[in-house]
Amino acid sequence: MDNEYRMEWDNTVIKHEQLQCDENSGIEIGRTVKKFPLLTPREYILAWRVWASDENSFYCLVKECEHSLAPRQRKFVRVRLLRSGWCIRKVPGRDACEITVLHHEDNGMNIEMAKLAFSKGIWNYICKMNNALRRYPQQRGPSISISTMRRLTKKFPQDLQSNVDESNRSPVNTAAAVAPPTPSSGTSPCKQLGKKSSRETIASGLLLIGSIVCLSKGRSNLGAQLAMAFFLKKAFKQDKEPGSSPRGRTDATVPMQ
């Protein structure tokens, strides 16, 4: 929720500005511009609200909207649909939190290309978020975004809290959960999960090139450029990683609730 700090670690965010905040409802409205590789930058006009419960939990709902201070501009593509729900809970007995996110977004991309780009980029983004979160306590102090959020945060409704508590007591399907192996000393779990052999990297890159060219609906130039940029970035990153074994790979699945 710290939009100023996010611009330091999230290199997709070009600009963010606060447009309005309502002291009565606790709703904030802001405008964010993000860059997309080889595509027109996307403009998000979003409204969000945060609730806090007695159980060291926070809930946030974000959705698209329109605002008089943010007229449409031809140089940006206005994102027409975004719904994002966050639940952040403290893990009992540990200095850790559990984050559950439900996110739905239509940013104007071809749906199959969007799913492919998301599946290839989401783990890298989560690693960036994790590293930024760990550095956050060393920041100078609360930003304007956080100060505003603390002032506008509302009490989570008691009737909804009862429903949440009831669902937490229900059995959770964790049949697909696999605990990731302990990473070696001095190696980030993000890097461990990202390792691939050169042969696997080449195969994945060639498959990605062919897939995006097909999915770009005839725009082979754009599709090939996007695929090649992704492939070269991954290939060079693989070569630069110190201490990575040529065939080392670690897979893990994350439990879903």
Side-chain angles (χ1 to χ4, degrees), residues 1-7 9-22 24-51 58-88 99-126 128-129 132 145 148-149 152-154 156-157 160 163-164 167 208 211-212 214-219 222-223 226-227 230 254 256-257:
M1 302 306 299
D2 192 331
N3 295 302
E4 287 81 12
Y5 180 57
R6 181 175 179 179
M7 294 183 66
W9 65 267
D10 188 351
N11 56 12
T12 66
V13 178
I14 302 175
K15 182 179 181 180
H16 175 81
E17 58 181 334
Q18 190 87 351
L19 298 178
Q20 181 181 343
C21 58
D22 190 319
N24 295 323
S25 65
I27 296 175
E28 299 180 66
I29 299 177
R31 172 179 175 267
T32 300
V33 179
K34 292 184 179 182
K35 61 181 178 181
F36 279 56
L38 305 176
L39 298 175
T40 304
R42 265 48 177 176
E43 181 183 42
Y44 296 78
I45 310 300
L46 303 174
W48 63 89
R49 186 176 177 184
V50 179
W51 294 266
F58 293 86
Y59 302 87
C60 178
L61 178 64
V62 188
K63 70 182 295 291
E64 85 293 336
C65 69
E66 296 292 335
H67 198 277
S68 58
L69 295 179
R72 292 178 180 266
Q73 305 179 53
R74 291 186 177 181
K75 60 182 179 179
F76 302 126
V77 173
R78 177 70 59 88
V79 173
R80 58 189 178 184
L81 175 63
L82 185 144
R83 305 293 166 87
S84 188
W86 294 66
C87 175
I88 305 172
I99 302 176
T100 304
V101 182
L102 297 176
H103 187 88
H104 177 57
E105 175 181 337
D106 182 359
N107 52 34
M109 293 177 62
N110 175 290
I111 186 170
E112 295 299 330
M113 185 184 294
K115 289 193 291 186
L116 185 61
F118 182 85
S119 65
K120 295 296 181 181
I122 187 60
W123 180 245
N124 181 52
Y125 185 81
I126 292 298
K128 286 184 177 181
M129 183 184 295
S145 294
T148 304
M149 184 201 70
L152 299 181
T153 298
K154 300 296 182 180
F156 195 68
L160 290 180
N163 293 336
V164 171
S167 64
L208 182 64
S211 300
I212 293 188
C214 295
L215 294 174
S216 60
K217 295 183 176 180
R219 298 168 65 187
L222 172 62
L226 181 60
F230 172 83
V254 181
M256 303 297 291
Q257 297 195 59

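Side-chain atoms are counted along with the backbone in the values below, which use heavy atoms only and exclude waters and symmetry mates.
- Counting only distance, with no hydrogens or angles, the side chain of Lys115 and the backbone of Asn110 share no donor-acceptor pair below 3.5 Å.
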Let me see the working for His16 and Gln18 under side-chain contact (heavy atoms from CB on, under 4.5 Å), right down to the final yes or no. CA-CA 7 Å; His16 175 81; Gln18 190 87 351; 4.1 Å; yes
Please evaluate residues Phe58 and Met1 with respect to the criterion side-chain contact (heavy atoms from CB on, under 4.5 Å), reporting the C-alpha separation (whole Å), side-chain torsions for both, the decisive distance (0.1 Å), and the verdict. CA-CA 11 Å; Phe58 293 86; Met1 302 306 299; over 6 Å; no
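- Between the side chain of Glu64 and the backbone N or O of Leu82, at least one donor-acceptor pair lies under 3.5 Å.
- For Arg80, the side-chain contact (heavy atoms from CB on, under 4.5 Å) partners two or more places apart in sequence, or in a different chain, are Asp106.
- Note: Cys21 SG to Ile27 CD1 = 11.5 Å, rounded to the nearest 0.5 Å.
- A 6.0 Å sphere centred on CD1 of Ile111 holds no more than 12 heavy atoms belonging to other residues, nucleotides or ligands.
- Taking CD1 of Ile122 as the reference point, atom CE of Met129 lies at 7.5 Å (rounded to 0.5 Å).
- Remark: Thr32 OG1 to Arg6 CZ distance equals 7.0 Å, nearest 0.5 Å.
- Ring planes of Phe156 and Tyr59: parallel class, angle under 30° (limits at 30 and 60°).
- In this structure, the side chain of Arg31 does not engage the main chain of Leu19 through any donor-acceptor pair within 3.5 Å.
- Within 6.0 Å of CH2 in Trp51 there are more than 12 heavy atoms belonging to other residues, nucleotides or ligands.
- In terms of the ring pair (Phe, Tyr, Trp, His ring centres under 6.0 Å) criterion, Phe36 has no residue partners (sequence neighbours excluded).
- Among all heavy-atom pairs drawn from Gly30 and Trp48, the shortest one is N-CZ3, 3.3 Å.
- Open room surrounds CZ on Phe118; 12 or fewer heavy atoms of other groups in view lie less than 6.0 Å from it.
- Of all heavy-atom pairs between Leu116 and Ser119, the closest is O-OG, 2.8 Å.
- Contact record, Tyr5 with Trp9: O-CD1, 3.2 Å, taken as the closest heavy-atom pair.
- Note that the OG atom of Ser25 and the NZ atom of Lys154 stand 7.0 Å from one another [nearest 0.5 Å].
- Residues forming a side-chain hydrogen bond (donor to acceptor under 3.5 Å, both in side chains) with Gln20 (at least two apart in sequence, or on another chain): His67.
- If you check the side chains of Tyr44 and Asn107, you find no donor sitting under 3.5 Å from an acceptor.
- The shortest non-hydrogen separation linking Arg42 to Leu39 is NH1-CB, 3.9 Å.
- Rounded to the nearest 0.5 Å, atoms CD1 (Ile45) and NZ (Lys63) are 12.5 Å apart.
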With side-chain contact (heavy atoms from CB on, under 4.5 Å) as the test, would you mind laying out the steps for Lys128 and Asp10 before giving the verdict? CA-CA 8 Å; Lys128 286 184 177 181; Asp10 188 351; over 6 Å; no
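- Residues Met7 and Ile14 approach most closely at CE-O, 3.5 Å, considering heavy atoms.
- Contact detail for Asp2 and Ser145: the closest heavy-atom pair is CA-CB, 4.1 Å.
- A salt bridge links Arg78 with Glu66; the closest basic N to acidic carboxylate O contact falls under 4.0 Å.
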